[in-house]
Number of protein chains: 2
Amino acid sequence: MSLLVVGSIAYDTVETPFGKVEDSLGGSALYFSAAASLFGPVNVVGVVGSDFDASKISFLKKRGVNLDGLYMESGKTFRWGGRYYEDMNKRETLFTYLNVFERFQPRIPETYQHSEYIFLANIDPELQLQVLDQIEKPKLVVLDTMNFWINGKRAKLETVLKRSDIIVVNDQEARELTGEFNLIKAIKRIVELGPKSVIVKKGEHGAMLYHAQKFFFAPAFPLEKVVDPTGAGDSFAGGFMGYIAQTDKIDFNTLKKAIIYGSTIASFNVEDFSFNRLKTLTMEEIEQRVKAFKELTTF
Amino acid sequence: MSLLVVGSIAYDTVETPFGKVEDSLGGSALYFSAAASLFGPVNVVGVVGSDFDASKISFLKKRGVNLDGLYMESGKTFRWGGRYYEDMNKRETLFTYLNVFERFQPRIPETYQHSEYIFLANIDPELQLQVLDQIEKPKLVVLDTMNFWINGKRAKLETVLKRSDIIVVNDQEARELTGEFNLIKAIKRIVELGPKSVIVKKGEHGAMLYHAQKFFFAPAFPLEKVVDPTGAGDSFAGGFMGYIAQTDKIDFNTLKKAIIYGSTIASFNVEDFSFNRLKTLTMEEIEQRVKAFKELTTF
């Protein structure tokens with residue numbers, strides 16, 4: 001398996017009804033890697049500032065995360081601040097300091113160029129295209145994006161869509177991407193834009209997969225306490241792609257199981273701030289919760 | 001099987017992005033009966049005005065709905081007017097004319113008094129108590145309610161809760177009933193108020209069941225066109241209880257299947273206005289969609 005992620009590495013300041021953390025480790029590339037590395041090695045491409053404390057990610061190295069593509073630039077690391085309220089499906093961004101991320105130009109190290117499974121985390125579609133141009137022959141390209149790019153860089157995003165196999169969006173993004181309010185119609189319209197498969201993340205309402213004209217639904221795992229939803233989407237994507245890369249198949253059954261593994265890991269991630277839960281998470285705990293997922297939906 | 005429903009019979013005026021109907025047949029007791037009668041006989045208790053056209057419900061009689069408890073009073077039938085927008089999870093009430101429903105005092109006909117399965121549709125908790133006082137020995141009491149009663153008649157509602165086995169609410173109602181925002185916590189708190197089992201209807205996000213300390217999730221059936229959501233909750237309840245009454249069991253497996261049958265019938269109901277779809281719905285169509293539900297969630 002050779003799995004590649006290009007995304008952000010950040011220091012997050014997060015406030016939720018259960019507490020607050022300042023300058024804690026975050027970013028899509030790291031949440032993805034922490035999840036995917038439970039299944040096998042991951043190649044990371046990203047940028048940090050000279051203030052970045054590398055010792056904080058030693059737990060990822062130990063899990064087989066390759067950091068050859070983690071570049072350090074002079075300046076400060078990307079910082080994001082956000083607040084969540086009772087309804088954790090919504091969040092308020094308090095600040096975004098791009099810092100070194102503003103001049104980020106993804107360079108894929110030579111050792112990564114044969115990567116087969118590619119995750120384009122939520123970054124500028126222009127950078128996503130630069131990544132694809134440097135990869136020889138990917139088996140599967142999974143794309144994440146957001147409203148900011150859907151509205152601001154539509155044309156570039158459409159080019160990325162044509163070169164992607166699976167897109168991961170939330171319901172609002174699916175609607176904005178297609179102009180269709182009905183989610184089922186929106187999903188079918190997205191397929192016309194390029195990706196063969198669509199995943200819609202619905203937070204506490206679970207996730208949907210559309211593949212080969214068939215739907216699959218996974219609920220969110222019932223949690224009595226969601227401490228911090230930051231990284232839920234990226235740890236979901238990491239679990240999803242980690243499972244696929246390990247299995248090395250892309251059929252409907254594999255994708256369905258991958259959705260469940262992704263949901264499972266995301267459900268652990270939100271139980272604590274930053275990487276506190278993912279750091280200690282074991283495959284045994286994951287398998288146990290996957291089993292519980294089965295019981296949740298079997299009739 | 002002996003299944004009893006007490007609820008409203010109404011003329012609805014409904015506007016959705018797909019059209020408008022005026023003074024069309026509606027009301028919780030009728031939506032419930034139309035769904036439940038696909039499984040077996042249903043006893044209805046309700047009130048209509050002298051303007052009610054009985055020929056409109058002949059399709060229910062043909063399906064084995066017993067209307068001995070349908071009383072005609074001088075005055076006008078209950079009327080409700082509402083509007084739905086693109087986001088069909090929300091609706092705007094345009095008018096509510098209680099008319100004869102304002103003086104409704106449920107009298108249970110002698111032939112109904114041995115009814116074993118009771119559905120208390122969303123009416124004043126005082127009337128729900130009057131119903132329970134007239135039933136000899138129910139096997140299963142299922143309760144529906146709404147914010148209006150949760151806030152306005154809390155004490156009476158708590159008495160009904162103590163005498164109910166299952167409560168059916170939406171997520172907002174579960175939160176208001178308990179003061180807990182987290183839905184999983186809210187559900188567990190509801191059990192402390194009386195009902196052994198809790199069903200949370202989440203509209204397009206599906207339904208959840210909590211029973212014997214276990215959860216079960218059913219997605220909503222993926223529909224490209226939701227024409228009119230009116231009656232979705234009551235046809236869900238009708239399918240749910242119709243299946244249980246026919247099976248005559250109240251274990252977790254039966255409840256899970258009942259949730260799927262309820263969701264299936266509700267998914268048909270919203271495909272057209274008023275009873276247009278339920279009128280012609282067959283058990284064969286239902287079984288086919290139940291099978292599709294299984295494929296939607298199996299991994």
Side-chain angles (χ1 to χ4, degrees), chain A residues 17-18 85-89 171-172 175 179-189 200 202-210 213-227 243 252-261 263-264 267 290-299, chain B residues 17-18 85-89 171-172 175 179-189 200 202-210 213-227 243 252-261 263-264 267 290-299:
Chain A
F18 298 101
Y85 297 91
E86 268 193 326
D87 177 0
M88 297 229 182
N89 267 359
D171 38 8
Q172 194 47 43
R175 286 169 178 139
E180 285 286 356
F181 192 88
N182 179 289
L183 199 55
I184 308 304
K185 267 192 195 159
I187 287 170
K188 291 185 177 178
R189 286 283 295 278
V200 180
K202 306 202 295 175
E204 65 159 324
H205 302 303
M208 289 168 65
L209 164 69
Y210 183 66
Q213 295 177 301
K214 284 178 284 189
F215 282 96
F216 172 68
F217 287 81
F221 194 79
L223 294 174
E224 283 193 49
K225 199 173 172 184
V226 174
V227 171
Y243 180 81
F252 192 39
N253 271 334
T254 305
L255 295 185
K256 290 203 276 188
K257 283 199 177 127
I259 292 271
I260 297 295
Y261 278 92
S263 302
T264 299
S267 77
V290 165
K291 218 176 131 192
F293 255 107
K294 199 153 216 154
E295 281 163 19
L296 271 176
T297 55
T298 306
F299 64 89
Chain B
F18 299 99
Y85 298 90
E86 269 194 324
D87 178 0
M88 296 227 182
N89 267 1
D171 37 7
Q172 195 45 44
R175 286 168 178 141
E180 285 285 355
F181 192 89
N182 179 288
L183 199 54
I184 307 304
K185 266 192 197 160
I187 288 169
K188 293 185 177 178
R189 286 283 295 278
V200 180
K202 305 202 295 175
E204 62 158 328
H205 302 303
M208 288 168 66
L209 163 70
Y210 183 66
Q213 295 178 302
K214 281 177 286 191
F215 282 97
F216 172 68
F217 287 82
F221 194 77
L223 294 174
E224 283 192 48
K225 201 172 169 182
V226 174
V227 171
Y243 180 80
F252 192 38
N253 273 334
T254 305
L255 295 184
K256 289 202 276 188
K257 283 198 176 127
I259 292 272
I260 296 294
Y261 278 92
S263 301
T264 298
S267 76
V290 165
K291 221 176 129 190
F293 254 109
K294 199 153 215 154
E295 283 163 16
L296 269 176
T297 55
T298 306
F299 64 89

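Worth saying up front: this structure is predicted, and the values here are computed from it rather than measured. Chain letters run A, B, ... following the sequence lines, proteins first, then strands; residues in each count from 1.
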Would you check if A/Tyr243 and A/Ile260 make a side-chain contact, meaning some heavy-atom pair closer than 4.5 Å?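 Heavy-atom side-chain distance check fails, nothing below 4.5 Å.
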
Please determine whether the number of non-hydrogen atoms from other residues, nucleotides or ligands lying under 6.0 Å from atom NZ of A/Lys257 exceeds 12.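 For A/Lys257, atom NZ is not crowded (no more than 12 foreign heavy atoms under 6.0 Å).
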
Of the backbone (N, CA, C, O) and the side chain (C-beta and beyond), which part of B/Leu296 lies under 4.5 Å from a heavy atom of chain A, both, or neither?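 For B/Leu296, the contact with chain A is made by backbone and side chain together.
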
Under 4.5 Å heavy-atom distance to chain A, tell me which part of B/Ile259 shows up: side chain, backbone, both or neither.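 When you check distances to chain A, no heavy atom of B/Ile259 falls under 4.5 Å.
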
Between B/Phe221 and B/Phe293, how do the two ring planes meet: parallel, tilted or perpendicular, split at 30° and 60°?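 The arrangement is tilted - the two ring planes meet at 30° to 60°.
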
Pick one of side chain, backbone, both or neither for [X], based on which atoms fall under 4.5 Å of a heavy atom in chain B.
X: A/Asn253; value: neither
X: A/Ile187; value: neither
X: A/Lys294; value: both
X: A/Ala220; value: backbone

Pairwise distance CG(B/Leu255) to OH(B/Tyr210) - rounded to 0.5 angstrom: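 It comes to 14.0 Å.
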
Counting only N and O atoms by type, is there a donor-acceptor contact under 3.5 Å from the side chain of B/Asn182 to the main-chain atoms of A/Leu223?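 Confirmed, B/Asn182 side chain pairs with A/Leu223 backbone.
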
When only pairs under 4.5 Å are counted, which of B/Glu180, B/Lys225, B/Lys202 shares the most heavy-atom pairs with chain A?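 With the most close heavy-atom pairs to chain A, the winner is B/Lys202.
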
Top contributor to chain B contacts, counting heavy-atom pairs under 4.5 Å, from A/Ala218, A/Pro222, A/Pro219: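 Result: the option with the highest number of such pairs is A/Pro222.
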
Below 4.5 Å, heavy-atom pairs only: which of A/Met208, A/Glu224, A/Glu204 has the largest tally toward chain B?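 Highest number of heavy-atom pairs under 4.5 Å: A/Glu224.
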
Does A/Lys256 make a cation-pi contact with A/Phe252 (under 6.0 Å, within 45 degrees of the axis)?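 Ring-cation test returns yes.
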
